[in-house]
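All ligand and atom numbering here is 1-based and tracks the order in the structure.
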Amino acid sequence: MEIDVGNALASVASPGVSRDSLERLDERVARAHERIEAGRAEGEHGYAALELPVETDPEPIHGAVDSLEIDPEALVTVGIGGSALGAKTLVDALGSGEVETVFLDNVDPDWVSRRLANLPLERTAVNVVSRSGTTAETLANFLVVREAMEETGVDWTDRTVVTTGESGPLAELADGHDLPKLAVPDGVPGRFSALSPVGLFAPAVCGHDIEAILDGARAERETLSGSLFSCPAYAYGATTYALETRGASVNAMMPYAESLETFAEWFAQLWAESLGKDGLGQAPVRALGATDQHSQLQRYRAGPRDTLVTFVTPRERGEREIPDAGIEDLDYLSGAGLEELIDAEFEATEASLAAAGRPTVRLEIDSVDARSVGGLLYGMEAACVLAGELAGISAFDQPAVEWAKRATRGLLGGGEFAESEAVAEKTELRIGGPSGASMR
Ligand SMILES: O=P(O)(O)OC[C@H]1O[C@H](O)[C@H](O)[C@@H](O)[C@@H]1O
C-alpha cells in the first residue's frame, strides 16, 4: 500500500495539516509506536490483532473446509459486525467463484426468509461465527437456518463449521453436536479479526489463496516503524487524527473499485467502533467511486468543510473496451476502455476536491487481489490503532454498542437491564400514523 497525503496539506486544503505539524506529530507517532510494539510483544488485548499475519495458521482453516461433507454450491455465513464484515469484504473483493455466498448479518425476517428460500439447501454449507458466542442476532439466525435445513431433510451437522471463543453457548453447541470448530484468537476484538479464521474461512471455501492474504498483511506489518514518513499505515492514522483535530469530523471512504464497496462498510465499523469515544471520532461514511461522484460529491466539494475523502484505488484493473457508437459526440469514448474511464473519473474527482481546497488522501494498491487486500485491511487496522493512541482513547472496546445490546436483551425478557427502561422513557411527537392521518 502506498499513501499520498499531498492533498491533505494545509497548503492545499482547509482543514489541512502543514508539513511542519506532521514533523512535530512524528515525535508522538514514535512514542505511540513504542506503546503499540509493547502491546504486540505481550499479546495485549487489541494490540494482539496486529500480530495476526504471523500468528494465524491457515492449516486449521483448510482442515475445516475439508471437513465439510458436501462440495458446497453455497455458503451461508451467520454472524454480525466483526464476525461477518471481514469475511464479506474479502469475498466481495476477490469474488466468490463457483460458490454462492450469503452473509446473514441482519435479522429482518422478510430478508432472511427470501435469502433462505433461494438457496440450494442440500448443497449449502454453514459457518456460524461469534466471538462471544452469545450475540442474539447470530444465534437466532443460526437456529432459523438449522430449522430450514431440517425441514428439507438436510443434516446440518455434516456441513456446519463453528467459529467462536473457547467457551460460551456456541462452543457448547458445537461440542454437543461434534461440529468442527475454528478458534477466534485471544485478545482480538471482532472488528480486528478479518485476518484470522473469522475472516478467512469464507474466502477459503471460495478457493482463494488465504496465504497470499496473510502475506500481504505481513508485508504491511513489516513497515510499522517509529515514523509516519516510513509507514503508510501510520501516515494514514496520523493524518486522519491531525485533520480531525482541525475540523474534519467526517471521513468518507471512497474506493474506486466496485468490489471494494464492502471494504468501505468494514472500514466504517473499524473507525466508528474503535475511535468514536469521549466525544471524539470521525464519522465514517461509505462512498463508492465512480457511482457517488454522481451523488455525494456535491456535498464534499461544496458543503461544510468537515470532511476528509479517502480514496482507495488499484493501479491495475481488468479491461473492457467501450464499443464505437458511431455518434460524433461520443467519439471521445470509442476505443477507450471502461478502465480508462474510471481512472480518469478518479483523477478528476481528486483534482476537483483539491481545487476547492477540500482534503483528500489517496491509498494506492497494486490491484484488487488477495495480497493487496490483505495489506489494505492490515494497514487500516494499524492506522486505527495509531489514531486511537494519538487521541488518547482505548480503541478496543465498544461500551456504547454494548449499551444497546443490553437494552435489547432486557426488552426480550433476557434479564433485568436498566438500559431497557430508556425505551419507555422515549419522548414522542408523532405526526401521521398507520392510517396516514396527519396531525391536526
Ligand atoms: O462476534 P460476536 O461476539 O458475535 O460479536 C459481534 C459484534 O457484536 C457487537 O455488536 C460488537 O460491538 C461488535 O464489535 C462485534 O463484532
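- Heavy-atom distances between Gln269 and ligand 1 reach below 4.0 Å in at least one pair.
- Salt-bridge annotation for Asp175 and Lys181: present, with a side-chain N of the basic residue lying under 4.0 Å from a carboxylate O of the acidic one.
- Using a 4.0 Å cut-off between heavy atoms, Gln398 contacts ligand 1 through its side chain alone, with no backbone atom that close.
- Side-chain rings of Tyr234 and Phe229 stay apart, their centers remaining 6.0 Å or farther from each other.
- The aromatic rings of Trp271 and Phe267 sit parallel to each other, their planes meeting at less than 30°, with 60° as the upper class boundary.
- Separating the OG1 atom in Thr307 from the CZ atom in Arg299 is a distance of 4.0 Å, to the nearest 0.5 Å.
- The pair Glu51-Arg40 meets the salt-bridge criterion, since a charged nitrogen lies less than 4.0 angstrom from a carboxylate oxygen.
- In terms of protein heavy-atom proximity, atom 16 (O) of ligand 1 is closest to Gly82 N, 2.8 Å.
- The atoms of ligand 1 that sit less than 4.0 Å from any heavy atom of Val401 are 10 (O), 12 (O).
- Between the side chains of Glu172 and His177, no donor N or O sits under 3.5 Å from an acceptor N or O.
- With ring centers used as reference points, Trp403 lies 6.0 Å or more from Phe417.
- A heavy-atom separation below 4.0 Å is not found between Glu402 and ligand 1.
- In terms of polar-atom proximity, Ser132 is counted as a contact of ligand 1, with an N or O under 3.5 Å from an N or O of the ligand.
- Taking a cut-off of under 4.0 Å to the non-hydrogen atoms of Ile80, the atoms of ligand 1 that pass are 6 (C), 7 (C), 16 (O).
- When each atom of ligand 1 is checked for a heavy atom of Lys405 under 4.0 Å away, the hits are 8 (O), 9 (C), 10 (O).
- In terms of N/O distances under 3.5 Å, ligand 1 is not approached by Val129.
- Of all protein heavy atoms, the one closest to atom 5 (O) of ligand 1 is Thr135 OG1, 3.5 Å.
- Closest to atom 14 (O) of ligand 1, if we only count protein heavy atoms, is Glu273 OE1, 2.7 Å.
- At a threshold of 4.0 Å, the pair Arg315-Glu2 counts as salt-bridged, since one of the basic side-chain nitrogens sits closer than that to a carboxylate oxygen.
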